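Here is the structure we will look at, set down as structure tokens.
Predicted model, so just to flag it, every value in this text is computed and none were measured. What's counted below: heavy atoms across the whole structure, side chains too, no hydrogens, waters or symmetry copies.
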Amino acid sequence: MLHIAFFRNLNQGQRNSPITSQLVDAFTASGATAVRAFQTNGTVIFDAADPTAAVHAVVERVAGVSG
């Protein structure tokens, strides 16, 4: 089943924000599959057995690269 994550005010590519590839990589590292970014506003479509755990892992990883 596909899931959608919305990251409000992510501002991809702006200072102190991850670029699209970093966001997608964070989802992949969390164990998510079929990951794809939608537009550049921080919306991501993905599949994961535990989507909540995947998103929590992504938030931690993105915080590490974006400050």
Side-chain angles (χ1 to χ4, degrees):
M1 171 186 276
L2 291 178
H3 306 279
I4 300 174
F6 301 97
F7 289 89
R8 183 177 166 97
N9 296 326
L10 188 61
N11 298 323
Q12 285 178 258
Q14 300 297 318
R15 190 174 76 165
N16 293 328
S17 292
I19 59 174
T20 302
S21 61
Q22 290 172 313
L23 184 58
V24 170
D25 289 347
F27 272 92
T28 302
S30 77
T33 59
V35 180
R36 57 191 168 136
F38 180 76
Q39 299 180 340
T40 58
N41 63 359
T43 303
V44 178
I45 301 167
F46 68 100
D47 190 14
D50 186 347
T52 302
V55 170
H56 285 294
V58 168
V59 168
E60 286 183 26
R61 187 174 182 100
V62 167
V65 298
S66 64

Closest heavy-atom pair, M1 versus D47, reported as atoms and distance to 0.1 Å, is O-OD1, 2.5 Å

Search all heavy atoms of A26 against all heavy atoms of R61 and return the closest pair with its distance.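 Heavy atoms of A26 and R61 come nearest at CA-CD, 3.5 Å.
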
Criterion side chain to side chain contact (heavy atoms under 4.5 Å, CB included) against R36, the qualifying member of I45, V24, V44: I45

If you apply the rule side-chain contact (heavy atoms from CB on, under 4.5 Å), what do you find for L23 with V58, and how did you get there? CA-CA 8 Å; L23 184 58; V58 168; 4.2 Å; yes

Same cluster for V59 and F6 if Ile/Leu/Val/Met/Phe/Trp/Tyr side chains link at under 4.5 Å? no

Taking Q22 for its side chain and I19 for its backbone only, find out whether a donor-acceptor pair lies under 3.5 Å.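 The answer is yes, because a donor-acceptor pair under 3.5 Å joins these two groups.
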
With sequence neighbours left out, the residues meeting ring pair (Phe, Tyr, Trp, His ring centres under 6.0 Å) with F27 are F46

